[in-house]
Amino acid sequence: MKIEQYTVNVLKNFSIINPTIIINEGSVLETISISKTIKATATVPTVFPRRFALYNLNKFIATLSLFDDPDVEFGENAIIVTDGQRTVHITYSDESVVTKMPEKEPVLPSVDVTTTVTTDQLKEIEKALGILDVPEIVISGRGGKIYLEARNTTNDLDYYSIVLG
């Protein structure tokens, strides 16, 4: 099967939240930070045929980049990535070493504000993190606007903002 680029981009973004992942059968991807303070869910065009765990998500993403148009097979114990001439075998991880999503959804207070962050905006913020050498991505509100920011919350000297709405 093929893994669409959009799916790869979502996995790259998820690897920032948590370098490990459990992928369930189907097209919904979920991750949660190790501290369990950030949760992300995305519906992707790739339909995964089975549940599996990866301890090093970045290794899987980097492996896909070794090929121009790889075929990916999800075997009993491993992912096999091939292009006919070359093959990479990545063994699934034991789920006990991967941060799992909670069984029960947390009950959250009512929603006061909603916004959308695009992949391009997230890439832009990630670039700003590196350039400004700041550690955090922040969504904040000021003056009736919502901002996506790259900043250091303990030192507000340097930061980068994008107006979301």
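Since the model is a prediction, treat every value here as computed from it, not as a measurement.
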Counting only heavy atoms not in F74, do more than 12 sit closer than 6.0 Å to its CZ atom?
yes
V88 versus I90, closest heavy-atom pair with distance:
CG1-CG1, 4.0 Å
ILVMFWY network linking I22 to F60, side-chain heavy atoms under 4.5 angstrom
no
Report the residue from E25, E73, M1 that forms a side chain to side chain contact (heavy atoms under 4.5 Å, CB included) with P49.
M1
Tell me every residue that passes salt bridge (Lys or Arg N to Asp or Glu O under 4.0 Å) with E95, counting only those two or more places apart in sequence or in another chain.
R51
4.5 Å side-chain heavy-atom contact, L54 and V98
no
Does atom NZ of K100 have more than 12 heavy-atom neighbours, drawn from other residues, nucleotides or ligands, at distances under 6.0 Å?
yes
As a quick check of understanding, evaluate side chain to side chain contact (heavy atoms under 4.5 Å, CB included) for T31 and L57, giving each step before the final call.
CA-CA 11 Å; T31 192; L57 180 54; over 6 Å; no
Which heavy atom of I17 sits nearest a heavy atom of I32, and at what distance?
CG2-C, 4.1 Å
Spacing of N58 atom CG and T63 atom OG1 [to the nearest 0.5 Å]
10.5 Å
Heavy-atom closest pair (S140 atom, E149 atom, distance to 0.1 Å) is OG-OE1, 3.0 Å
Does atom CG (N155) have a neighbourhood of more than 12 heavy atoms from anything else shown, all under 6.0 Å?
yes
Atom pair CG (N77) and CZ (F52), whose distance is rounded to the nearest 0.5 Å
13.0 Å
Report yes or no: does S33 contribute a side-chain atom to a donor-acceptor pair with the main-chain N or O of I38 at less than 3.5 Å?
yes
Given 3.5 Å as the limit, does a donor-acceptor pair link the side chain of Y6 with the main chain of T46, or not?
no
Please report the shortest heavy-atom distance between Q121 and T116, naming the atom on each side.
OE1-O, 3.8 Å
Co-members of the apolar cluster containing L129 [side chain, <4.5 Å]:
V113, V117, L122, I125, L132, V134, I137, I139, I146, L148, Y160, I162, L164
Flag yes if more than 12 heavy atoms outside K2 fall under 6.0 Å of its NZ atom; otherwise flag no.
yes
Evaluate whether atom OH of Y159 has more than 12 neighbouring non-hydrogen atoms of other residues, nucleotides or ligands under 6.0 angstrom away.
no
Distance check, rounded to the nearest 0.5 Å: K36 atom NZ versus N18 atom CG?
10.0 Å
Is a donor from one side chain sitting under 3.5 angstrom from an acceptor on the other, for T118 and D120?
no
Using a strict 4.0 Å threshold on nitrogen-to-oxygen distance, state whether R151 and D158 make a salt bridge.
no
Decide side chain to side chain contact (heavy atoms under 4.5 Å, CB included) for N24 and F48; before the verdict, give the C-alpha distance in whole Å, the side-chain angles of both, and the deciding distance to 0.1 Å.
CA-CA 7 Å; N24 289 306; F48 292 92; over 6 Å; no
To check you understand the geometry: which heavy-atom pair defines the closest contact between I3 and L64, and what is its length?
CD1-CD1, 4.4 Å
How about K145 and S161: do any of their side-chain heavy atoms sit closer than 4.5 Å?
no
Would you please name every residue forming a salt bridge (Lys or Arg N to Asp or Glu O under 4.0 Å) with K123, sequence neighbours left out?
none
Kindly give the heavy-atom pair with the smallest separation between P70 and D68, and that separation in Å.
CD-C, 3.8 Å
Applying a strict under-4.5 Å side-chain criterion to I, L, V, M, F, W and Y, I'd like to know whether V28 and V44 cluster together.
no
So that I can tick it off, tell me whether K12 and E126 are bridged by a salt bridge, with the cut-off set at under 4.0 angstrom between side-chain N and carboxylate O.
no
Sub-4.5 Å side-chain heavy-atom contact between P19 and I34:
yes
Atom CG in L29, atom CZ in F14: separation rounded to 0.5 Å?
5.5 Å
Tell me whether T82 contacts the main-chain N or O of D71 through its side chain, where contact means a donor paired with an acceptor under 3.5 Å.
no
